[in-house]
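Since the model is a prediction, treat every value here as computed from it, not as a measurement.
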Amino acid sequence: QVQLVESGGGLVQAGGSLRLSCAASGRTLSSYVMGWFRQAPGKEREFVATIRWSLGTTYYADSLKGRFTISRDNAKTMVYLQMNSLKPEDTAVYYCAERRETDSNFGSWGQGTQVTVSS
């Protein structure tokens with residue numbers, strides 16, 4: 001039983017910052033990888049970043065490296081995505097996802113939170 005809930009989306013000006021949160025239901029995530037993905041209108045869902053819970057190791061889409069930061073909070077079982085220097089092309093629905101360390105695909109997804117960046 002997996003439940004992921006995203007929050008923190010909203011409307012921001014280009015160049016601004018936003019922090020997204022993902023609540024992972026208070027479960028132990030010691031054998032899981034948490035990820036952020038996004039989907040803009042009319043486009044396919046794309047990878048943003050992942051964090052391996054057990055080690056805290058991170059991985060980013062090359063195009064977003066340096067602007068976006070993924071992090072975790074063990075006590076609260078939360079995953080965050082700090083987004084800086086936002087651009088209009090960052091406008092999308094952002095999704096939190098989860099997979100086992102031994103799996104290739106993310107099998108559990110949240111409902112998403114809307115991020116809109118105005119110019």
Side-chain angles (χ1 to χ4, degrees):
Q1 182 70 249
V2 175
Q3 183 176 1
L4 302 174
V5 181
E6 304 95 335
S7 62
L11 175 64
V12 298
Q13 290 284 330
S17 298
L18 202 62
R19 187 194 192 195
L20 306 182
S21 300
C22 174
S25 306
R27 296 173 290 107
T28 177
L29 299 175
S30 59
S31 300
Y32 286 81
V33 175
M34 305 300 296
W36 285 99
F37 294 77
R38 68 184 186 182
Q39 187 168 25
K43 298 183 179 180
E44 295 183 351
R45 185 172 296 181
E46 65 176 330
F47 167 77
V48 173
T50 60
I51 183 167
R52 186 176 182 179
W53 198 268
S54 60
L55 300 177
T57 52
T58 58
Y59 184 75
Y60 298 89
D62 288 340
S63 62
L64 302 176
K65 194 177 302 180
R67 293 198 299 123
F68 288 15
T69 303
I70 188 171
S71 62
R72 58 168 164 78
D73 185 322
N74 288 328
K76 297 180 179 180
T77 320
M78 298 282 288
V79 180
Y80 305 98
L81 182 68
Q82 179 66 45
M83 305 184 294
N84 299 323
S85 302
L86 285 165
K87 307 173 182 179
E89 48 263 49
D90 293 320
T91 295
V93 176
Y94 284 71
Y95 297 91
C96 180
E98 179 188 74
R99 69 169 175 86
R100 301 180 185 88
E101 290 181 345
T102 54
D103 291 345
S104 297
N105 301 318
F106 287 83
S108 299
W109 298 80
Q111 293 295 307
T113 184
Q114 177 71 48
V115 172
T116 302
V117 184
S118 63
S119 59

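Atom CZ in Arg99 sits 12.5 Å away from atom OG in Ser108 (nearest 0.5 Å). Between Gln39 atom CD and Glu44 atom CD the span is 8.5 Å, to the nearest 0.5 Å. In this structure, the separation between CZ on Arg38 and NZ on Lys43 is 8.5 Å, given to the nearest 0.5 Å. Interatomic distance, CG of Leu29 versus CD of Glu98, reported as 5.5 Å (0.5 Å rounding). Here the CG atom belonging to Asn74 is positioned 9.0 Å from the OG1 atom belonging to Thr28, to the nearest 0.5 angstrom. Note that the CD atom of Glu89 and the OG1 atom of Thr91 stand 8.5 Å from one another [nearest 0.5 Å].
For Asp103, the salt bridge (charged side-chain N to carboxylate O under 4.0 Å, His left out) partners at least two apart in sequence or on another chain are Arg100. Shown here are the ring pair (Phe, Tyr, Trp, His ring centres under 6.0 Å) partners of Tyr59, two or more places apart in sequence or in another chain: Phe47. Here Lys65 pairs with Asp62 under the salt bridge (charged side-chain N to carboxylate O under 4.0 Å, His left out) rule; sequence neighbours left out.
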Step by step, would you call Arg67 with Lys87 a side chain to side chain contact (heavy atoms under 4.5 Å, CB included)?
CA-CA 10 Å; Arg67 293 198 299 123; Lys87 307 173 182 179; 4.0 Å; yes
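The list of salt bridge (Lys or Arg N to Asp or Glu O under 4.0 Å) pairs with a residue in residues 48-61, not counting sequence neighbours, reads Arg52-Glu101. Sequence neighbours left out, the pairs with a member in residues 76-119 that pass disulfide bond (SG atoms under 2.5 Å apart) are Cys22-Cys96.
Using a 4.5 Å heavy-atom cutoff, the side chains of Val115 and Asp90 are not in contact. For the pair Met34 and Leu4, the minimum side-chain heavy-atom distance is below 4.5 Å.
Ring orientation note: the planes of Phe68 and Tyr94 are tilted relative to one another, at an angle of 30° to 60°.
The two residues Ser21 and Trp36 have their closest heavy-atom pair at O-CH2, 3.6 Å. Closest approach of Phe106 and Trp109 over heavy atoms only: O-NE1, 3.0 Å. Nearest heavy-atom pair, Ser54 versus Ser30, reported as atom, atom and distance to 0.1 Å: CB-O, 3.1 Å. Between Ser17 and Ser85, the shortest heavy-atom distance links the atoms OG-N, 4.3 Å. For Ala14 against Pro88, the heavy-atom pair with the smallest separation is CB-CD, 4.1 Å.
Judged by distance alone, with hydrogens and angles left aside, the side-chain atoms of Thr113 form no donor-acceptor pair with the main-chain N or O of Glu6 at under 3.5 Å. Put simply, the side chain of Arg72 gets close to the backbone of Trp53: a donor and an acceptor are under 3.5 Å apart. Between the side chain of Asp73 and the main chain of Ala75, a donor-acceptor pair closer than 3.5 Å is present.
Summarising the hydrophobic clusters (Ile, Leu, Val, Met, Phe, Trp, Tyr; side-chain heavy atoms under 4.5 Å, direct or chained), the residues clustered with Tyr80 are Met78.
For the side chain to side chain contact (heavy atoms under 4.5 Å, CB included) with Leu81, the lone residue among Leu18, Ile51, Leu20 that qualifies is Leu20.
Both the sub-6.0 Å distance and the 45° axial angle are satisfied by Arg45 relative to the ring of Tyr95.
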